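As structure tokens, the structure follows; a few thoughts come after it.
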Amino acid sequence: MIVCKFGGSSVAEAQQIRKVKQIVDSDPRRQIVIVSAPGKRSKDDEKVTDMLYACNAMVQQGLSCKDLFKKVSLRYTTILSDLGMQVKPFLPVLEEVRQMIDAGHGAEYAASRGEYLAARMVAAFFGWEFLDTDPLIVINHDGTVNPQTWDNIKKALKPKVKYIVPGFYGCDPEGKVKTFSRGGSDITGAILSSASHAETYENWTDVSGVFSVDPRLIPDAKVIKEMTYREVRELAGVGAGVFHEEAIAPILASGIPINVKNTNAPQDAGTMILPTREIGDHTLVGVSAKGGLSRLSLRKLMLFKRTGIRHALLTMLHIFGVRPSFSLFGIDSIVWFFESSQASDSVLNAMCGRLKSEFDLEEVAVESGHAVVGIVGSGVMQDSSVIAKSTTALATDKITLNFFNYGSSDTSILIGVSGNQAQDAVKSIYRALF
Ligand code: ASP
């Protein structure tokens, strides 16, 4: 049995949903289909999820989302009529959702309705059963999957029944609708694959697999044929967009192969993501960069003499909502990189003030505009030329390194650069190594 997840562009309009049906019908093993909310139909279009977040934002300001929600309704009614389906039975469903958003059920409820409505619509078109993920998928408050989920799904799935399942959401342990982070339908697909012991998890998108480098930077970028769970996680962790980095965790224990494929070119083999792979000559799989990082640096003579100092500092960061992604330690200094979106300037100012006074630091500084470039591959530690070639290439292209992280993972090398040099750094390293 195969579990398929189709992303937002695959359900953005009727002609795409017809392609989905053709793909699913062409292999009877495809029995569970997860769908995202309708995405963009063209470059300037809006994603339904974004419109739903905007609806909720209006309600938070004390206004009704009635007018804005009309745009959401129109997306679904247009698809339904283009598919030759009856629109009328769907109108009360849309109206109920609108009323619930207006009643203040919150951002996660509002956003989740994009997938909910898409799955109801696709289920009706396919004539398959709609299986809601609320209350089956229980999402802990920290975003991890509650183990109760496995039992819930196993009990819900009946043999020989084909299901359409909404991606992106479940409920929290108290039963309130809760979403994963953006792009989280990949996680739903991984959960359903694991719970149903699927032979393959197919992840259908609008590109023919995971690229070794962003094709917008290198137009003849190649699709990676085969990569490991860890490689995809590391590559996604440094910004490669195709597969959600949190979607590996639910599938890890089961070892189910993931096949990333293109709804618009189903004949392409796509990328296979496996628990392990033969490294051979393919020491590396890709290079990518992630911007939007800030750097927090702290300095104090004999800083580490105080026992538990790192823990105490991190607790303070946590109070201000800052969760570092990378750390570096010197003899008297600590540097933490974190996503700039985690805290506003005023929050960071307050945090620096508290850090300085409570820990009697000589220096505390926050600087935004940083990026990290990741060179990813299971053989990265086996090929000593990788460091030499990449740093030489960066020096030749006059790109300044802010940090170099080798050895904290056996699957990647991380290089800190300034945000405005990140794309050049990726191009430079790609040309040198691939
Ligand atoms: N619709 C959600 C988003 O736009 C989740 C997903 O597409 O996977 O982030």
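Since this is a predicted model, take the numbers as computed values, not measurements. Counting convention: from 1, in listed order, for ligands and their atoms alike.
- For atom 4 (O) of ligand 1, the nearest non-hydrogen atom of the protein is Arg182 NH2, 2.9 Å.
- Ligand 1 has Gly184 within reach: a non-hydrogen atom of the residue lies less than 4.0 Å from it.
- A donor and an acceptor atom, one from each side chain of Thr144 and Asn140, are located under 3.5 Å apart.
- On a distance-only criterion, Thr49 and ligand 1 share at least one N/O pair closer than 3.5 Å.
- When only interatomic distances are considered, the shortest N/O to N/O separation between Gly183 and ligand 1 falls below 3.5 Å.
- With hydrogens left out, the protein atom closest to atom 7 (O) of ligand 1 is Ser36 OG, 3.3 Å, a heavy atom.
- Regarding atom 6 (C) of ligand 1, its nearest protein heavy-atom neighbour is Ser185 OG, 3.3 Å.
- Between Phe130 and Tyr116, the distance separating the two ring centers is shorter than 6.0 angstrom.
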Taking distance alone, no hydrogens or angles, what donor-acceptor pairs closer than 3.5 Å link side-chain atoms of residues 248-259 to residues at least two apart or in another chain?
{"residue": "Ser254", "atom": "OG", "partner": "Ser194", "partner atom": "OG", "Å": "3.3"}
{"residue": "Ser254", "atom": "OG", "partner": "Ile251", "partner atom": "O", "Å": "2.8"}
{"residue": "Asn259", "atom": "ND2", "partner": "Ala269", "partner atom": "O", "Å": "3.2"}
{"residue": "Asn259", "atom": "ND2", "partner": "Thr271", "partner atom": "O", "Å": "3.1"}

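- In this structure a side-chain-to-backbone donor-acceptor pair under 3.5 Å is present from Asp186 to His244.
- Among residues two or more places apart in sequence or in another chain, the side chain to side chain donor-acceptor pair (under 3.5 Å) test is passed with Thr78 by none.
- For atom 2 (C) of ligand 1, the closest non-hydrogen atom of the protein is Glu115 OE2, 3.4 Å.
- Judged purely by distance below 3.5 Å, without hydrogens or angles, the side chains of Glu231 and Ser378 pair a donor atom with an acceptor atom.
- The shortest heavy-atom distance from Gly114 to ligand 1 is not under 4.0 Å.
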